[in-house]
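Structure first, commentary second.
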Amino acid sequence: MDVSHLLDDLNKPQREAVSAATTPTLVLAGAGSGKTRVLVHRIAWLIQVEQFSPFSILAVTFTNKAAAEMRARIEQLLGTPMGGMWVGTFHSLSHRLLRRHWQEAGLPQLFQIIDSDDQLRLVKRVSRNLGLEEANWPARQSQWFINARKDNGERPEHIEDKGDPQTSQLRAIYEAYEAACKQAGVVDFAELLLRSLELLRDNPELLAQYRQRFRHLLVDEFQDTNTLQYGWLRLIAGDTTPPFAVGDDDQSIYGWRGAKIENIQNFSKDFHSTNIIRLEQNYRSSGNILEAANALIDNNQGRLGKNLWTDSGQGELIHLYAAHDENDEARYVTSRIRQWVEQGNNHQECAILYRSNAQSRVFESQLIEAGIPYRVYGGQRFFERAEIKDALAYLRLSANRHDDPSFDRVINQPPRGIGDKTVSVIRDHARDSGTSLWQAATALLEMNHFTARASNAITGFTQLIADISIDISGLPLEEQVDKTIRASQLKQHYLHKEKGDKGEARVENLNELVSAAQGFIYKPEDEHANMDFLSAFLSHASLEAGDSQTKAGNDCAQLMTLHSAKGLEFPLVFLVGLEEGLFPSQQSSEELNRMEEERRLCYVGITRAEKQLVISYAEQRRLYGTTHYGVPSRFIHEIPDRLVEPVRPKPSRPSWSASGYNTPTTSHIKQDTGGLSIGQSVSHKKFGNGIITDTEGSGSHARVQVNFEDAGSKWLVLTYANLSPL
DNA sequence: AGTGATGACCTTTTT
DNA sequence: GGTCATCACT
């Protein structure tokens, strides 16, 4: 068979990786070096050249998006469907294992998955049941504790409190939370991984069976694995299945949520005779951009070492814009986008990347004003919307009465006259008798515990759920969903409660849910083993939260955080808000590790750019209601001057004087305005006392606007004005 | 049970 | 500054 198409258009190290011997292999793939390509070609190589069956291949990614892309590209390259290959996220593959072996895993057959929102509610309820004050034991922190422990592979019994009452209490919450999950038959995200690891670890025959089956284990974005995921990989790999891991230590930006960059460093210790291959040729960015990225990341210690290069020429210099404030920054970026499009390019080729979501607003309003279409990534996703979760809760409850999180959610949604008082009676009874909320409610009804009014309301609810399950049984999925939504009267509720667009948008989303059900593909033979159609759909809804916005087709400028930009690329990139305290963020400045992660984040940002990179910072910025005076980020200083071209503002801006801008100094960084700031009271020989209301320019050109008590508002050049602070 | 007011919060995000 | 959540009020 001719396999030249698998190697022909690859460079040397890429070929080496694709055709590597079956030993543990670590591919250090720099940004834009063709990492996904190597993975996909490697899989095709194993099948077409090494003649391995697709059944013997397991490939793991972090996001659904990455998994979907990999699947599509493999099928395209092979020209056939993938057969029995397992390609998915850590969570979806763990999920699959648990569905196949639910009994061995100690789970009910129809266990459901809760997302972090459901988890938080459950932790809240558990804490209340333990009689803990929310103020002393914030549910968020307890949730974080539980997840961190699970990510570490620890159950409550593994936690030693060492006499610390805090740890001991949190352990008790963890324990009670586990019991609540068991009671309700639900499993959280971290549990999927931990439970499947325990399943394999404690069932040697099962483990042997999977080790026998999977001869190849491929891992994407290896630098993002946490302790639990790495343990999972090592367990499946054993001594027989050499892993093929692809990653980039310089792009590790998820340390704050448990990713262990050390895993990449430990790889060659844990797997003997590891073959390390470096992909250093970059096919994305121009030379100047790449050089800037290299210079920046070189400030980090303990890197595995890697230097990206390109043969595509120097390209444009990096533009640096020193904005007056955040509005000026947004105006500049907007004008550059307009200019870009006027030159015959597309909006979607432009990306504005920022450190935190709060920064997007200013850009949005400027873009609206300029009539430029844009799309903001992140934010609420489809299956996370309140109305969708309500509808899903009805469905889940109809499938499993003891699903407490769902019961809790819709017992009085829409309001049916069951108040907090009644619900807490039900909760207390459930807690004391160790039953589900549903059982508690029906038991209390039988005991005639409620007033006639409450009793009627509760009976109405239980009857509604019972009716729904009878009515929808046996119907096609989309009719089940549709009937449930109707029966719940959620649409009427939302239309009534939220007048105007908001309510209608919710109704539209509920309609969209029916379409989603219609489009859902049921695969009982592999992915959805041991699940009925409805359960499979509900699991899918939890596991894959769905895209935040459906209208991806339009030509829009792209706005997103640096984190969500990872893996993407754009011809024109704006890296905005490069000020100390914002990026790098204040919280990261004390610790070296966190500062290095910020730097990697900046590295990720720079390497998103193909042709043109524009960096900007603002001298003053309103954030959380107060004005901050920005010092340019250290990251700007870490980029060599020769790669940077400071740009002038548009002279037409009224609050700008062109002369005050960017005096030629040794550095491309502006000097500050001599210790005077807005809001400060000053005194002038001739004009008397006043308050500084604005500043502009720098060095000898710096001017301030002072609102004098008697003489009114004036612009003064600092060097001549001789102002004294009061 | 539904509304209006007050107070804490405030990196980054996937599953 | 803006959001969200909780509380007090009707």
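As the structure is a prediction and not an experimental result, all values here were calculated from the model. Numbers restart at 1 for each chain; the letters A, B, ... are given by sequence-line order, proteins then strands.
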For every nucleotide of nucleotides 8-15 of chain B, 5' to 3': is a protein heavy atom under 4.0 Å from its base (B), only from its sugar-phosphate (S), or from neither (-)?
-> --BBBBBB
Classified by glycosidic angle (syn within 90° of 0, else anti), B:dT11 comes out syn
May I ask you to check whether A:Phe583 and A:Tyr617 place their ring centers less than 6.0 Å from one another?
-> no
Summary of protein contacts for nucleotides 5-10 of chain C, nucleotide by nucleotide, where a base hit scores B, a sugar-phosphate-only hit scores S (4.0 Å, heavy atoms) | -S----
Cation-pi check, A:Arg257 onto A:Tyr254 ring (under 6.0 Å, within 45° of axis) = yes
Set of side chain to side chain donor-acceptor pair (under 3.5 Å) partners for A:Arg634, sequence neighbours left out = A:Glu580
Set of residues satisfying salt bridge (charged side-chain N to carboxylate O under 4.0 Å, His left out) with respect to A:Asp115, sequence neighbours excluded | A:Lys389
Under the salt bridge (charged side-chain N to carboxylate O under 4.0 Å, His left out) rule, collect the residues that match up with A:Lys124, sequence neighbours excluded.
-> none
Judged by modelled atom types alone, do A:Tyr374 and A:Glu364 share a side-chain donor-acceptor pair under 3.5 Å?
-> yes
Would A:Trp232 and A:Phe90 count as a close aromatic pair, with their ring centres under 6.0 Å?
-> yes
With sugar-phosphate meaning primed atoms plus P, OP1 and OP2, does A:Ile418 contact a base, only sugar-phosphate, or nothing at under 4.0 Å between heavy atoms?
-> sugar-phosphate
Under the side-chain contact (heavy atoms from CB on, under 4.5 Å) test, residues paired with A:Ala105 that sit two or more places apart = A:Leu98, A:Leu107, A:Arg195, A:Leu199
